[in-house]
Amino acid sequence: MDYIPPKEAVLKVKRWPKDTIAAGRRHTVGLKSDGTVAAVGDNKYGQCDVSGWRDIVAVEAGNVHMATNTGNAHTIGLKSDRTVEAVGWNKHDQCEVNDWRDIVAVAAGWCRTIGLKSDGTVAAVGRNNEGECNVSGWHDIVAVAAGDWHTIGLKLDGTVTAVGNNRYRQCNVSGWFDIVAVEAGYLHTIGLKSDGTVTAVGLNKHDQCDVSGWRGIVAIAVGSNHTIGLKSDGTVEAVGWNEYGQCNVSDWSDIVAIAAGCAHTVGLKSDGTVLAVGDNEFGQCDVSSWRGIQLPGIV
């Protein structure tokens, strides 16, 4: 049996492929078990033009808060050869990832893309007006997340780093420890701890940070103003803004992966089918016909 150094073992665990479904402002993306990708919803900027993609191992969708003057989004696909595909809105060059190599994880925020390299360093392209792309000095990173104006990095030792807009203290994560997953919303940040509890900082106007009572959580997802937690028994927790019913997941069961868009929530079942609730103005919740979506943790 080949020896795996402790550091590499931790990296392997924390980087297991899990981004098999993704939700953006007005669209939803699903990675199929054959490496192709499905997408539904708004396609104003070609963010759903993924039918030609092949050999994809993870997907991400650019999100944005519910604003009347925007719905612009992009979609990112990580390939098995560690290169990256991108389609959609590119005003800030957030889709200029053709030259990226050795990428093991990706994140998509509003008008930017973040790529995690196998050596624990991070690449970023797109809008940087508030320093949200200032990640060149990061190292020992094992996971990344992108909110609207802030970027989060999970370090090998379970601590967390952040750059970008901190108006609502969404970047106040320096005291976090024992974290195994991070997610970023419009103006809040969520961290999953190794004991299955969840911590949160940032704007809490809609109670999207009220996660202190959660237990047995194995995965987290964050929308613009709502937060989703997947429990070890396959059920789902939700807090936050619920104007479109995006938190109406109490009857879900047998869920193995979750994703949260601006105002909709997506759940992947163990049989490879998908559920969705919330805003469906552009058909972003029309996923009932999807089959064979890749289950998390399987390459």
Side-chain angles (χ1 to χ4, degrees), residues 13-41 48 50-51 53 56-61 63 75-78 105-106 108 143 145 180-181 183 185 190 192 196 198 211 214-223 226-240 242 244-299:
V13 170
K14 289 189 176 179
R15 288 176 178 164
W16 58 282
K18 51 188 177 291
D19 299 319
T20 62
I21 52 173
R25 167 65 176 89
R26 297 167 174 166
H27 75 297
T28 302
V29 184
L31 171 62
K32 303 191 77 172
S33 56
D34 63 359
T36 62
V37 179
V40 292
C48 289
V50 296
S51 60
W53 287 6
I56 304 296
V57 296
V59 289
E60 280 290 334
N63 208 341
T75 303
I76 302 295
L78 175 63
V106 288
V180 295
E183 289 292 339
I190 304 295
L192 173 62
V198 181
V211 295
W214 286 6
R215 299 291 184 272
I217 304 297
V218 295
I220 50 175
V222 178
H226 71 296
T227 303
I228 306 296
L230 172 61
K231 300 191 72 173
S232 57
D233 64 1
T235 61
V236 180
E237 297 270 16
V239 291
N242 196 34
Y244 293 85
Q246 61 264 46
C247 291
N248 295 347
V249 296
S250 60
D251 61 339
W252 284 10
S253 61
D254 200 29
I255 303 297
V256 296
I258 50 176
C262 174
H264 71 295
T265 302
V266 183
L268 172 62
K269 301 196 73 171
S270 65
D271 63 0
T273 60
V274 181
L275 301 175
V277 292
D279 181 24
N280 196 35
E281 181 182 357
F282 292 85
Q284 61 263 51
C285 289
D286 294 343
V287 295
S288 60
S289 65
W290 285 6
R291 297 290 183 275
I293 299 300
Q294 178 70 58
L295 303 183
I298 303 173
V299 180

* Donor-acceptor under 3.5 Å (Asn242 side chain, Cys247 main chain) -> yes
* Got a second to check how far Leu31's CG is from Ile293's CD1, nearest 0.5 Å? -> 7.0 Å
* Out of curiosity, Thr20 OG1 to Ile56 CD1, how far, rounded to the nearest 0.5 Å? -> 13.0 Å
* Structure fact -> Sorted by chain and residue number, the ring pair (Phe, Tyr, Trp, His ring centres under 6.0 Å) partners of Phe282 (sequence neighbours excluded) come out as none
* To do: Heavy atoms only: give me the nearest Leu275-Val287 pair and the separation to one decimal.
  => C-CG2, 4.1 Å
* Which pair of non-hydrogen atoms, one from Thr75 and one from Trp53, has the smallest distance, and what is that distance? -> O-CH2, 3.7 Å
* Asked: How far apart are the closest heavy atoms of Val198 and Trp214, and which atoms are they?
  -> CG2-CE3, 3.9 Å
I'd like a table of donor-acceptor pairs (distance under 3.5 Å, sequence neighbours excluded) in which one partner is a side-chain atom from residues 253-264, with atom names and distances.
| residue | atom | partner | partner atom | Å |
| --- | --- | --- | --- | --- |
| Asp254 | OD1 | Ser270 | OG | 3.0 |
| Asp254 | OD2 | Ser270 | OG | 2.7 |
| His264 | NE2 | Thr28 | OG1 | 2.8 |

* Asked: Of all residues at least two apart in sequence or in a different chain, which pass the side-chain contact (heavy atoms from CB on, under 4.5 Å) check with Val277?
  -> Val249, Trp252, Thr265
* How about Val274 and Lys269: do any of their side-chain heavy atoms sit closer than 4.5 Å? -> no
* Contact summary for Cys48 and His27, nearest pair of heavy atoms -> SG-CB, 3.8 Å
* To do: Of all the heavy-atom pairs spanning Ala61 and Gly24, show the shortest one and how long it is.
  => CB-N, 3.6 Å
* Does Asp279 offer a backbone N or O that forms a donor-acceptor pair with the side chain of Gln284 under 3.5 Å? -> yes
* Asked: Does Arg291 reach the side chain of Thr273, with side-chain heavy atoms less than 4.5 Å apart?
  -> yes
* Minimum heavy-atom distance between Asn63 and Val222, given as atom pair plus value -> ND2-O, 4.4 Å
* **Pairwise distance SG(Cys285) to CD(Gln246) - rounded to 0.5 angstrom** => 9.5 Å
* Thr36 OG1 to Gln294 CD distance, which is reported to the nearest 0.5 Å -> 10.5 Å
* **Note, Thr227 side chain near Ile220 side chain (heavy atom, < 4.5 Å)** => no
* Asked: Which pairs with one or both residues in residues 229-240 pass salt bridge (Lys or Arg N to Asp or Glu O under 4.0 Å), sequence neighbours excluded?
  -> Lys231-Glu237
